[in-house]
Amino acid sequence: MENTQACSRILSADNGQAVLVGRNMDWPEKTDVAFWFLPRGIKNIGLNGENSLNWQSKYSSLIIASSVHGQSFASDGINEKGLEANLLWLDESNYGKRDETKPGLSVAKWAQYILDNCATVEEAVHLTKSDQYTIVDLNVPMYIPTVGTTMTRASLHLALADKTGDSAIIEYIDGKAVIYHDRKYKIMTNSPTFDKQQENLRQYKGFGGTKELPGNSTPSDRFVRASFYLKNLPQPGNLREALAHMFSVTRNAAQPYIKTLDPKHPYTAATIWSTVGDLTNGYYYFESTTSPFLVWADFSSFDNNAGAPAMKLSLSGDVDYNGNVSNLFKKADSNELKVPEFHH
């Protein structure tokens, strides 16, 4: 499905203030969303059914959980060690046929599994290469204007960054993990695959080509624009400026609300929220498109130890929080984040 979840991820590692990761969530309908704090020691099941990958979290995490028809999972998050994981849409994703001999991990639990078990990008890449588990497909219901609700395969790729500025993009193509691991990989959007995005980028001024900066909202145009504006950011004088610079780039890569212009391609997706992870200082910022206020939470406000309660703050509805909301989180049951299952 063309551009079904058209999102953007941007890494700023050399601004002299903090390693920052920006992310836009673009989706065709408004979804419920919540801030979660998850302590160490939480037991997780990776798949409903036989031969599931099960684990206990080594690290605490602050995550953004997206809800689809009342079932929630981590689409983004940072852990206490300064590792960030972001799940974005990629139509070309193909996790291959389920290998029953290996423990299964639902694609909906992929980001959480990495945050729970890895302190660095290097560790996450090593874990992926170990081939100890298999990613399992998930079909999700999605509302498309003029069409209604349809079941769509969750085709996702994963962006990783850590507090050293290291970066990796992991895409499953024809059942195999293709890993792009280098701190120079700062931008990720959607289709086409990451190698083709870089190839396209080289056609533009500033990246070896002659083409002018593009203005469309296609994934490849957003990839070029985000690359250009990130590359040409001035050096910030302090952390506040560094955050402002990052939000200026995420907003440029954001998608405005737009009605369906082509009945043959009824799908449209606006940016419904954005996050910025400060991997250096352990702060996680959230901006809803429907709220004028920026909110954030930080690890120092929570009990990271095993046995401590999971904590949650719903960001749904038209509630206007403002500033540091860490003290507004309430105790919650982490089983709310179980593996989702949707039926026609």
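- Counting heavy atoms from C-beta on, the side chains of Ser274 and Met25 never come closer than 4.5 Å.
- When each of Asn324, Val276, Leu20 is checked for a side-chain contact (heavy atoms from CB on, under 4.5 Å) with Tyr285, only Val276 meets the rule.
- The structure places CZ of Arg225 at 14.0 Å from CG of Leu230, a figure rounded to the nearest 0.5 Å.
- Atom OG of Ser334 is separated from atom NZ of Lys43 by 11.5 Å, given to the nearest 0.5 angstrom.
- For an aromatic pair to be called close, the ring centres must be under 6.0 Å apart, and Phe302 with Phe329 satisfies this.
- Around the CD1 atom of Ile45, the shell of radius 6.0 Å holds no more than 12 heavy atoms that belong to other residues, nucleotides or ligands.
- Side-chain atoms of Ser60 and Glu80 form a donor-acceptor pair, as typed in the model, at a separation below 3.5 Å.
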Any chance you could lay out the salt bridge (Lys or Arg N to Asp or Glu O under 4.0 Å) test for Arg98 and Asp137, step after step, and finish with the verdict? CA-CA 9 Å; Arg98 167 84 164 98; Asp137 263 334; over 6 Å; no
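- Few gaps surround NZ on Lys312; more than 12 heavy atoms of other groups in view lie less than 6.0 Å from it.
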Before you tell me yes or no, could you show the steps for Phe194 and Tyr185 under ring pair (Phe, Tyr, Trp, His ring centres under 6.0 Å), namely the whole-Å CA-CA distance, both residues' side-chain angles and the distance that decides it to 0.1 Å? CA-CA 10 Å; Phe194 190 70; Tyr185 298 139; 5.1 Å; yes
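- The 12-atom threshold is not exceeded at CD of Glu122, counting heavy atoms of other residues, nucleotides or ligands nearer than 6.0 Å.
- Between Asp116 and Arg40 there is no salt bridge, since none of the side-chain N atoms of the basic residue sits less than 4.0 Å from a carboxylate O of the acidic one.
- Contact detail for Leu328 and Leu313: the closest heavy-atom pair is O-CD1, 3.7 Å.
- Connection of Val107 to Leu158 is established within a shared hydrophobic cluster, with ILVMFWY side chains joined at heavy-atom distances below 4.5 Å, either directly or through further cluster members.
- What you find for Ile169 and Ala159 is that their closest heavy atoms are CD1-CB, 4.1 Å.
- For the pair Lys176 and Tyr95, the NZ or CZ position fails the cation-pi test of under 6.0 Å to the six-membered ring centre and within 45 degrees of the ring normal.
- Residue Asp162 comes nearest to Val121 through the heavy atom pair OD2-N, 2.9 Å, listed as atom of the first residue, atom of the second, then distance.
- Distance check, rounded to the nearest 0.5 Å: NZ of Lys81 to CZ of Phe299 gives 11.0 Å.
- The closest side-chain donor-acceptor pair between Thr275 and Asp76, if any, does not fall under 3.5 angstrom.
- The shortest heavy-atom contact between Ala242 and Gln17 is CB-CB, 3.9 Å.
- Asn200 and Gln203 form a side-chain donor-acceptor contact under 3.5 Å, judged by distance and modelled atom types alone.
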In sequence, state the C-alpha distance, the side-chain angles, and the governing distance for Ser75 and Ser66, and then conclude on side chain to side chain donor-acceptor pair (under 3.5 Å). CA-CA 6 Å; Ser75 51; Ser66 298; 3.1 Å; yes
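- Looking at Thr193 and Ile173, their side chains come closer than 4.5 Å, going by heavy atoms from C-beta outward.
- Aromatic pair Trp296/Phe286: ring centres not closer than 6.0 Å.
- Note that CG of Leu115 is 9.0 Å distant from CD1 of Ile78, once rounded to the nearest 0.5 Å.
- The nearest pair of heavy atoms linking Val319 to Ser316 is CG2-O, 3.9 Å.
- Separation of the Trp110 and Tyr133 ring centroids does not fall under the 6.0 Å cut-off.
- Each of Tyr113 and Tyr59 belongs to its own hydrophobic cluster when Ile, Leu, Val, Met, Phe, Trp and Tyr are linked at side-chain heavy-atom distances under 4.5 angstrom.
- Between the side chain of Ser326 and the main chain of Asp298, a donor-acceptor pair closer than 3.5 Å is present.
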Tell me, with the steps shown, if Thr31 and Ser67 meet side chain to side chain donor-acceptor pair (under 3.5 Å). CA-CA 6 Å; Thr31 61; Ser67 288; over 6 Å; no
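- The shortest non-hydrogen separation linking Arg9 to Ala161 is NH2-CB, 3.6 Å.
- His157 and Asn190 share no side-chain donor-acceptor pair at under 3.5 Å.
- At a threshold of 4.0 Å, the pair Arg251-Glu287 counts as salt-bridged, since one of the basic side-chain nitrogens sits closer than that to a carboxylate oxygen.
- In the model, Glu84 has a side-chain atom that pairs as donor or acceptor with a side-chain atom of Asn86 under 3.5 Å.
- Once rounded to the nearest 0.5 Å, the distance linking CD1 of Ile187 with OG of Ser227 reads 4.5 Å.
- The CG atom of Asn44 sits 7.0 Å away from atom CD1 of Ile42, with the distance rounded to the nearest 0.5 Å.
- Between the side chains of Glu171 and Ser93, no donor-acceptor pair is found at a separation under 3.5 Å.
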